[in-house]
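Order of the sequence lines fixes the chain letters, A, B, ..., with proteins taken first and strands second; residue numbering starts at 1 for each chain.
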Protein chains: 2
Amino acid sequence: MPKPTFLNLSKEKQELLINAAKKEFSRVPLHEASISNIIKDAGIPRGSFYQYFEDKEDIFFFLFDEDSRRVNELFISIIKINNGDLFASFVDLFKSILISFDEPGNRQYIKNIFLNMNYKIEKTFTKNFFEENVKSHFSELNGLLNSENLNITSEEEMFHILKIMIVVMIQNLVHVFATELPIHEAMATFSLEIDLLKKGFYKGT
Amino acid sequence: MPKPTFLNLSKEKQELLINAAKKEFSRVPLHEASISNIIKDAGIPRGSFYQYFEDKEDIFFFLFDEDSRRVNELFISIIKINNGDLFASFVDLFKSILISFDEPGNRQYIKNIFLNMNYKIEKTFTKNFFEENVKSHFSELNGLLNSENLNITSEEEMFHILKIMIVVMIQNLVHVFATELPIHEAMATFSLEIDLLKKGFYKGT
DNA sequence: TAAAAAAATGACAACTTGTCATATAGAAAA
DNA sequence: TTTTCTATATGACAAGTTGTCATTTTTTTA
């Protein structure tokens, strides 16, 4: 979380820093990013940076939390369009993220994030779907989704299904960003895996 | 990959370095690890380190590749015990890994790895199950697994099922290591997710 | 035993990072 | 409008890091 001092800054100065940070996080992943580069690019003195943020993780997660919140909003709207169809919604979300990857300024930034998707980053990404502080939010999601055709007996199972869908989607995204797989191939693979999840791995005899 | 010079070293000197590295990777995750600490602990001059390894990633993956190879061997033996039952085997593997986590020297080392499980680490872990250079190995796995009761129509689907099972297992492991969840609770959660995967998310109407 | 190749060594330049004493600006009080 | 107090800005600095490379030492080869 940025310190209050940062929030008191003018929008312009805030953006100056944000842009410099995004540029650095596009160049290299978080753990290789250099605060020196960010302040040089933003043209602010070193001491000021530490007046605004704890460290580079702090500014990184400030950016990323915003990004993942946007993805979540997108997901909510996609679910509505699909009348609560969980599977169709994930396929659409997947495609939307792939398309945004092809937008000019995003490519390296997104790639650096996904190829270094560790616990903390994944948790930030996922918590906007349903966690602790957002518990009420999970209910919102739960209300939007059509669970009629889902093979579940409790809300807990619904939670685990979502968890699995998300991790499978993330894994597919990582794979795409790592191998620069064309969109249509990525879509085919992801759809195949979603189908497997739908029908189940086990064939009762 | 270590340089030839390292492999020419006596086993004792190799272990000296390996142990120092493992100690450092137990203290902090890879990206925070310091070569200075490793060489100080091993009592070798700085230049020597670079004679043996490219950088800290190099020695990290030398260790981790060995670790994940051991896990794979374990997995193979577990499958045999379970007569090729994919689901039972994953549950057993999950439990084995949890138990090894409770062994003294391992705890922090394993935790640091799983909480920073990025693409490269996951790929190293996974490749020993079935990838490119080990393609023949996937066939071995494929031969061991009992696919009679699996809901698949091709070897490709089998590959995707394995991929999903692994990523779900990893996600559960990460969760356990992050929250210090007791083994029995972890087992319950993982079993529940495996059951969901078995029966499928979609209820045909 | 002399020459050539391989390995060991540690000082060094070129970076990092986070801190802190000091300077400056802004707001509140007198 | 001064004075006082508080918040912010600043950049030099200590303490650390990394990878390199000229030299020395050891081992092989001829």
Output the single nucleotide from [options] whose closest atom is nearest the side chain of [X].
X       : options               : answer
B:Thr5  : C:dT17, C:dG18, C:dA7 : C:dA7
B:Pro45 : C:dG10, D:dA9, C:dT17 : C:dG10
B:Ser34 : C:dA8, D:dT17, D:dT8  : D:dT17
B:Tyr52 : D:dT18, C:dA8, D:dT8  : C:dA8

Spacing of [X] atom [atom1] relative to [N] atom [atom2], expressed in whole Å:
X       : N      : atom1 : atom2 : result
B:Tyr50 : D:dA22 : OH    : P     : 18 Å
A:Glu54 : C:dG18 : CD    : P     : 10 Å
B:Phe49 : D:dG19 : CZ    : P     : 8 Å
A:Ile35 : C:dT19 : CD1   : P     : 10 Å
A:Gln14 : D:dT8  : CD    : P     : 13 Å
A:Gln51 : C:dT19 : CD    : P     : 12 Å
A:Phe53 : D:dT8  : CZ    : P     : 14 Å
A:Lys40 : D:dT10 : NZ    : P     : 18 Å

Worksheet item: Is B:Lys23 atom NZ crowded by more than 12 heavy atoms from other residues, nucleotides or ligands, each under 6.0 Å away?
Response: no
Does [X] place a side-chain N or O at less than 4.0 Å from the phosphate oxygens OP1/OP2 of [N]?
X       : N      : answer
B:Ser48 : C:dA8  : no
B:Arg46 : D:dG19 : no
A:Asn8  : D:dT8  : yes

Worksheet entry | 5′-ward residue of the pair A:Leu9/B:Asp55 relative to DNA chain D | A:Leu9
Worksheet item: B:Ser36 near the nucleic acid: base, sugar-phosphate alone, or nothing, with a heavy-atom cut-off under 4.0 Å?
Response: base
Discussion item. When you compare the side chain of B:Asn146 with that of B:Asp85, does any pair of heavy atoms fall below 4.5 Å?
Written reply: no
Worksheet item: Just wondering, do A:Phe201 and B:Lys199 contact through their side chains at under 4.5 Å, heavy atoms?
Response: no
Worksheet item: When rounded to the nearest 0.5 angstrom, what is the spacing between CG in B:Asn172 and CZ in B:Phe90?
Response: 11.5 Å
Item to complete: Measure from NZ or CZ of A:Lys111 to the centre of the six-membered ring of A:Phe101 and say whether it is under 6.0 Å with the direction within 45° of the ring axis.
Response: no
